[in-house]
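Note sheet for the following structure.
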Amino acid sequence: MITLHGFPTSNYYNIVKHALLYKQIPFQEHLIFTDNDKLLTVSPVGKVPAITTAEGVTLSESSVICDFIEEAYPDTPLYPESVTERAIVRQIMKIAELYFELPSRRLIPYVFSGTQAPDTPKQEVRQVLARGIPALNQLCQFSPWIAGQALTMADIYMHYVNVVVIGCASTQLDWDVLAEIPGMKEWNKTMSQSNIAQKIEADRVANMPEFMTHIKAQIQAAQPK
């Protein structure tokens, strides 16, 4: 059985979790935070998510794990059969990560501390998002799914990327980022209403108090004594 290492407040953890649940692959969860040295035994750089495969092999990086899951468990595919269409799905995932999730992630510390980010990082984040918006407008079909008529890994990836965009970029920049991509908000709502997404969201909410306690302990430990 696969073991999924990480914590339910991580959007990257939830990408992998959603894929596992969608493909009905048996797995167990191992709750572990990023400052735990034990994480290094399954993730070379101490990041989540990581998995231990049924054969005992450890893998990290969400995109790598998603590709492994698809290849090792081809039933209920999350990528198209066409090589070109598969590449388009991966292109959407990569642009979503580089131009939506990663810049928005820069604002997480200000969201957690309940403060407003300075103007310089705000402007820098806005500039990167402004590059991603036309790219996603060009690539996303929403007919009804992001890459066409079938739900793919791009739908799962984008949905959990949007968690960070909505929670960090939109709030800190006072900007409804998803509204800049016609069809994105409606599609995101549809994704959030699935049984799998609702389960993952419930798990995220349940984990939040423990996660915030962990974050506060990290902050206190970092303060000069």
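The residues Glu201 and Arg204 are annotated as salt-bridged, a charged nitrogen and a carboxylate oxygen being separated by less than 4.0 angstrom.
Every residue meeting the side chain to side chain contact (heavy atoms under 4.5 Å, CB included) condition with Arg126, not counting sequence neighbours, appears here in chain and number order: Gln123, Leu173, Trp175. Applying the side chain to side chain contact (heavy atoms under 4.5 Å, CB included) rule to Leu139 yields the partners Gln91, Ile92, Ile95; only residues at least two apart in sequence or on another chain are considered. Residues satisfying the ring pair (Phe, Tyr, Trp, His ring centres under 6.0 Å) criterion with Phe7, sequence neighbours excluded, are Phe33, Phe211. By the ring pair (Phe, Tyr, Trp, His ring centres under 6.0 Å) test, Tyr73 pairs with no residue at all, sequence neighbours left out. With sequence neighbours excluded, the residues that form a side chain to side chain contact (heavy atoms under 4.5 Å, CB included) with Thr120 are Glu124. Among residues two or more places apart in sequence or in another chain, the ring pair (Phe, Tyr, Trp, His ring centres under 6.0 Å) test is passed with His18 by Tyr160.
The neighbour count for Glu81 CD, taken as heavy atoms of other residues, nucleotides or ligands under 6.0 Å away, does not exceed 12. Within 6.0 Å of CD on Gln28 lie more than 12 heavy atoms contributed by other residues, nucleotides or ligands. Other residues, nucleotides and ligands place more than 12 heavy atoms under 6.0 Å from the OH atom of Tyr12. Heavy-atom neighbours of Gln24 CD from other residues, nucleotides or ligands within 6.0 Å: at or below the threshold of 12.
Under a 3.5 Å cut-off, the side chain of Lys23 and the backbone N or O of Asp75 do form a donor-acceptor pair. In this structure a side-chain-to-backbone donor-acceptor pair under 3.5 Å is present from Asn137 to Glu180.
Side-chain polar atoms of Ser62 and Tyr157 form a donor-acceptor pair below 3.5 angstrom.
Pairing each heavy atom of Ala117 with each of Leu107, the nearest pair is CB-CD2, 3.8 Å. When every heavy atom of Ser170 is checked against every heavy atom of Ile166, the shortest pair comes out as CB-O, 3.5 Å.
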